[in-house]
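Here the structure is laid out as structure tokens; the discussion comes afterwards.
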Amino acid sequence: MATNTPIARYRRQLRGFIVVWSGITFILSVVAFIAIYMTYGVLFAPNVPNGLRAAAVLPDMTATATEARATFTPIPTRPVAEVTSQAVAQANNPAATPTLLPVDDTRFHLGVQVQVSYDNMAQWMDVAANQLSVKWVKQQVRWDELEPERGAYDWFLTDTYLLAARDKGLKVLVSVVTAPDWARPEGVNLEQHGPPVDPNDYANFVTALLRRYPGMIHAVEVWNEQNLDREWTTTGGLRAEDYVALLRTAYQAIKAVDPGVIVISGALAPTGLSDGVHAWDDFVYMDQLISAGMLNYADCVGAHHNGINVSPEYTWDAVPNDTTATYRGPFDNPHHSWSFRSTLSTYASKIVLAGGNQKLCVTEFGWPSAEGLDGVPQGFEFAADNTLEEQRDFTVKAIEFMRTSDDVWLAFLWNLNYGPQAGWAADNDNVAYSIIGPNFVFRPVFDEVRDWNRAYEVDVSP
């Protein structure tokens with residue numbers, strides 16, 4: 001029989017409160033779920049096949065920078081920024097064991113080049129961090145775009161990139177290239193990229209970059225493929241001493257702002273041409289750089305190698321003839337520039353012979369495959385020789401070689417998302433290297449690199 005005692009009334013009120021509170025909690029949970037799903041979609045769904053994970057959530061990639069700027073709120077400029085990478089790490093987690101400075105964390109690390117996206121940078125960084133499972137990403141920072149007039153900065157692209165990387169806990173290598181016209185020598189061919197006439201202009205730009213993003217930049221590569229005239233067009237020609245002057249000035253400026261940042265010398269392009277006008281052979285130019293004092297101003301020596309259609313275990317003089325290959329260079333004209341292994345091993349030997357203790361930072365490596373694409377550009381026919389399985393196998397063999405050689409510090413796979421960003425255009429020579437194929441299907445190399453890196457991180461974790 002029902003009663004109306006104070007205890008009974010209290011119990012009825014308590015039951016009513018529980019029912020109401022449960023209903024409110026359920027509604028809030030549904031709202032939160034919908035919000036998360038609409039934001040991240042199937043990128044986070046563990047049971048969705050790889051090829052579909054990115055397809056449903058990435059927005060229209062045809063948006064222009066102007067359109068994106070209209071809805072983007074950049075970070076405020078930091079006029080005072082003597083904040084080091086160590087200080088930022090400790091501030092974020094003061095109770096933890098002090099985090100190693102980037103320059104002191106010398107074990108092998110794998111990263112990937114992630115192209116800037118105007119309107120979906122967070123998703124791409126999430127793919128790199130949580131699906132490919134790397135801890136480093138690389139951005140090429142084009143100085144001419146960010147400082148088109150002296151002292152007038154447009155930080156939109158670096159705001160977009162670096163904030164997204166920070167939010168996903170990723171370390172960042174920036175490769176700073178291409179002087180603006182106002183900094184170039186008088187009378188130089190401005191149709192080709194090149195250095196500034198005054199290295200201090202470059203150092204001032206890099207200083208401004210580091211001060212704007214304290215603790216968000218962990219390594220700086222000073223220029224790119226300066227042994228080619230298309231990257232180093234200047235009135236003085238391809239002189240190693242001119243590059244070392246730029247490197248020295250940049251090194252001193254970077255260390256003055258944040259001593260923990262890794263300074264990497266500009267990676268050379270492997271090339272058989274050595275006329276001193278259009279190009280220097282990278283082995284010859286490496287000797288010139290070392291003689292000019294490069295090792296005094298670099299924590300790490302930059303290197304590039306995109307593996308053509310040769311597996312990375314072969315030295316240049318032991319490449320077996322592939323009778324099915326349509327691109328015949330490595331097989332009919334043996335040369336060290338065709339060989340990933342020979343290039344890295346020889347660089348490392350040159351450093352040791354010169355008395356240096358620097359390791360290599362391979363700021364670009366990878367194998368292209370034209371499988372599933374509509375073709376390849378002229379000059380990149382070797383991509384048609386590589387199947388998707390060979391792209392996968394060559395890449396992982398290269399990673400394992402770099403790890404076990406003990407000659408490599410950082411290695412950045414080229415590339416994560418150039419294919420999607422370019423709409424998988426057959427005439428774009430970067431698309432075949434992308435590890436995400438048409439319709440956002442992850443190529444076999446993606447899953448293999450992810451699995452390798454996850455196993456490696458478990459092995460080396462404390």
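Only a predicted model underlies this, so the values are computations on that prediction, with no experimental measurement involved. Side chains included, hydrogens not; waters and symmetry mates left out as well; all remaining heavy atoms used.
- Nearest approach of S434 to L416, heavy atoms of both residues: OG-O, 3.3 Å.
- A perpendicular orientation is assigned to the rings of Y433 and F380, their planes being inclined by more than 60° (bins at 30° and 60°).
- Considering only residues two or more places apart in sequence or on other chains, F340 meets the ring pair (Phe, Tyr, Trp, His ring centres under 6.0 Å) condition with H305, W367.
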Does the salt bridge (charged side-chain N to carboxylate O under 4.0 Å, His left out) test come out yes or no for K397 and E400, once each step is laid out? CA-CA 5 Å; K397 285 179 181 178; E400 187 63 21; over 6 Å; no
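- Classified by interplanar angle (parallel below 30°, tilted 30° to 60°, perpendicular above 60°), the ring pair H336/F283 is parallel.
- For Y161 and W124, the ring centers are positioned 6.0 Å apart or more.
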Does Q192 form a side chain to side chain donor-acceptor pair (under 3.5 Å) with T233? I'd like the steps, not just the answer. CA-CA 6 Å; Q192 294 200 126; T233 294; 3.0 Å; yes
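- The aromatic rings of F108 and W452 lie perpendicular to each other, with more than 60° between the two planes, well past the 30° mark.
- A donor-acceptor pair is defined here as one N or O able to donate and one able to accept, closer than 3.5 Å; no such pair exists between the side chain of D385 and the backbone of N309.
- Checked against ring pair (Phe, Tyr, Trp, His ring centres under 6.0 Å), Y251 has no partners two or more places apart in sequence or in another chain.
- Note: F365 and W414 fail the aromatic proximity criterion, with ring centroids not under 6.0 Å apart.
- Under the rule for a side-chain contact (heavy atoms from CB on, under 4.5 Å), the partners of S405 that lie at least two apart in sequence or sit in another chain are F401, D407, V408.
- Applying the side chain to side chain contact (heavy atoms under 4.5 Å, CB included) test between W409 and each of I264, T106, L360 identifies T106 as the sole match.
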